[in-house]
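Reading through the structure tokens given below for one structure.
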Amino acid sequence: MTNRKMFFTMLWGAVFRRRSRAMMAVIASLVGAATLFCLASVCVAVPQQMNEEMRAYGANLIVTPASATGKSQGIDTATVRNVTALIGAGRSVKSAAYRYESVRINSAPYTIAGVDVKAVRALNRHWNVTGDWPGSGNVMVGRDVADALGVKVGSRVTIGYRAADASASASSSASAKSDSDESTETAESSAQGTQSTQTTQGEQTTQATENGRVSSDIMDNNGTEFRISGIVDTGGNEDSIIYATTADVAKLAGSKRGADVVEYSVNAMGDELNDIVNNINRSADKNPNSAVKAQTVTRITSSDTRIIAMLQTLFWIVSLVVLVLTLVGVGTTISSIVSQRRNEIGLRKALGADSRAIGVEFYVESGIYGLIGGLLGTAIGYVLARVLCSTVFGRALGLNWLLCVGSLLLSVAIAVIASIPPVRRATRIDPAIVLREE
């Protein structure tokens, strides 16, 4: 019998004839592989799953006009299409455009937003709306507006539009929409809007008094009557805005123009989202005539990043602990197997077997245990990860073949590494001592 044939014969006998010991080693590898694969699969899937879940809570990117001319004319439809195509290249994206105008109700100033109801509703699924969304001849008011006016669903209000208020509308309203959410660029826009508003207020103060009396213009309550179809309550800036269809706002203002703000909910985060913003802003620099500026919604993006980072850190810490426990478990099992075969090792060395050959046999045997345990553990881990993602996120988890290969290789590597200390001790056995004990 050749040495190679003898090697495989001994290996076969070690693995399949001593089934109880082999079963312990396989189970140790199986538990570790199943736990690690499950955690790794969830950890890889969590950022994407969480990002998709967070998209239900509004936009993570907004686009506004970059120039003063753009602010007065708004963002035209062609520009919106181009920006949407740039953002949505290979990504899932939702968008909604807002046109803001200053109006008066009972002589008090308010902001009205002209929107595409279907787009805004799809983008802001977290909005708590009592009643119905706006329609033709119907408006939806924010909770703060409803409380200030003392109205409820079904009430009727007269909304008046004054051309003198329009100069403050584009800048102040657009910045108010994004003030609490945005970064430095928005703060600058807000400052510009405040300055414009203060100038307009100064003009209105001058116009409001005439010979020491209140001007009849500011007390003018004429306008268009609308029915309040719903009340929105978000706890944010939306509560101080009146929402109507774009057609109703254009009819009220007597003119059509582009949007002041376009909100996007794009399936991207971190550096990928920042790259989108930079690409849009670079395009604006190349074409100032249709320039728009983009910025992330800091409140949303920072929450995304923080939550996902915390979850990933937790998963990796648990995975590291499981990895160490698996190493200890497999090492203990292999050590037990080696100690039970101590007499066999001594006898083989007495018959002239090389320590290196004995060590290779044990390493290969450990690798087989790791491979079998890794195959079974990976399959079980995938089932567990799929159930976990389905239960927590309500979405199916695809099979990551690269992760499967990594799990198998890691299982084999752990089994071999864990067997190194006991195998080294076994190869140092003095056959004379063993035979004397016999």
Side-chain angles (χ1 to χ4, degrees), residues 20-54 269-270 302-339 362-426:
S20 60
R21 291 185 298 228
M23 187 65 67
M24 289 191 302
V26 169
I27 290 176
S29 296
L30 182 151
V31 172
T35 308
L36 287 173
F37 185 84
C38 178
L39 290 173
S41 297
V42 173
C43 192
V44 170
V46 156
Q48 182 68 23
Q49 300 280 17
M50 283 292 296
N51 191 42
E52 292 178 4
E53 289 294 325
M54 292 297 288
M269 57 180 294
S302 61
S303 297
D304 285 2
T305 305
R306 185 170 59 254
I307 293 172
I308 291 172
M310 290 172 59
L311 288 174
Q312 284 185 317
T313 302
L314 177 62
F315 279 131
W316 288 124
I317 290 175
V318 174
S319 298
L320 182 61
V321 172
V322 172
L323 180 64
V324 173
L325 293 177
T326 302
L327 196 64
V328 172
V330 174
T332 302
T333 305
I334 297 297
S335 180
S336 175
I337 292 175
V338 171
S339 63
F362 275 104
Y363 291 141
V364 173
E365 181 181 344
S366 300
I368 293 175
Y369 295 148
L371 180 62
I372 297 173
L375 283 170
L376 298 176
T378 299
I380 295 174
Y382 172 68
V383 173
L384 293 175
R386 190 178 179 88
V387 171
L388 186 61
C389 285
S390 176
T391 303
V392 177
F393 298 104
R395 288 180 171 85
L397 177 69
L399 182 61
N400 189 327
W401 288 104
L402 185 61
L403 199 59
C404 289
V405 174
S407 176
L408 292 178
L409 294 178
L410 184 62
S411 297
V412 173
I414 289 176
V416 173
I417 292 172
S419 66
I420 291 177
V423 170
R424 291 186 65 181
R425 289 195 301 269

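Start at 1 with the first residue, then count along the sequence.
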Sequence neighbours left out, what pairs pass side chain to side chain donor-acceptor pair (under 3.5 Å) with at least one residue falling in residues 399-414? Thr378-Ser407
Provide the closest heavy-atom pair for Leu399 versus Phe37 in the form atom of the first, atom of the second, distance. CD1-CZ, 4.4 Å
Should Ile414 and Ser29 count as side-chain neighbours, where that means a heavy-atom distance under 4.5 Å? no
side-chain contact (heavy atoms from CB on, under 4.5 Å) partners of Leu388, counting only residues at least two apart: Val42, Val392
Residues that Arg425 engages under side chain to side chain donor-acceptor pair (under 3.5 Å), provided they are two or more places apart: Ser335
Which residues pass the side-chain contact (heavy atoms from CB on, under 4.5 Å) test with Val318, not counting sequence neighbours? Leu39, Leu314, Val322
Contacts of Tyr363 meeting side chain to side chain donor-acceptor pair (under 3.5 Å) (sequence neighbours excluded), chain-then-number -> none
Going by the rule side-chain contact (heavy atoms from CB on, under 4.5 Å), which residues pair with Val412 if we only count those two or more places apart in sequence or in a different chain? Leu371, Val416
Identify, with sequence neighbours excluded, every residue that meets side-chain contact (heavy atoms from CB on, under 4.5 Å) alongside Leu397. Ser41, Ala45, Ala385, Cys389
Spatial distance of atom OG1 (Thr35) from atom CG (Leu323) [nearest 0.5 Å]: 11.0 Å
To the nearest 0.5 Å, how far apart are OG1 in Thr332 and CG in Leu327? 9.5 Å
Contact summary for Tyr369 and Ala25, nearest pair of heavy atoms: CD1-CB, 3.5 Å
Kindly give the heavy-atom pair with the smallest separation between Pro421 and Ile417, and that separation in Å. CD-O, 3.7 Å
Got a second to check how far Ile380's CD1 is from Cys38's SG, nearest 0.5 Å? 11.0 Å
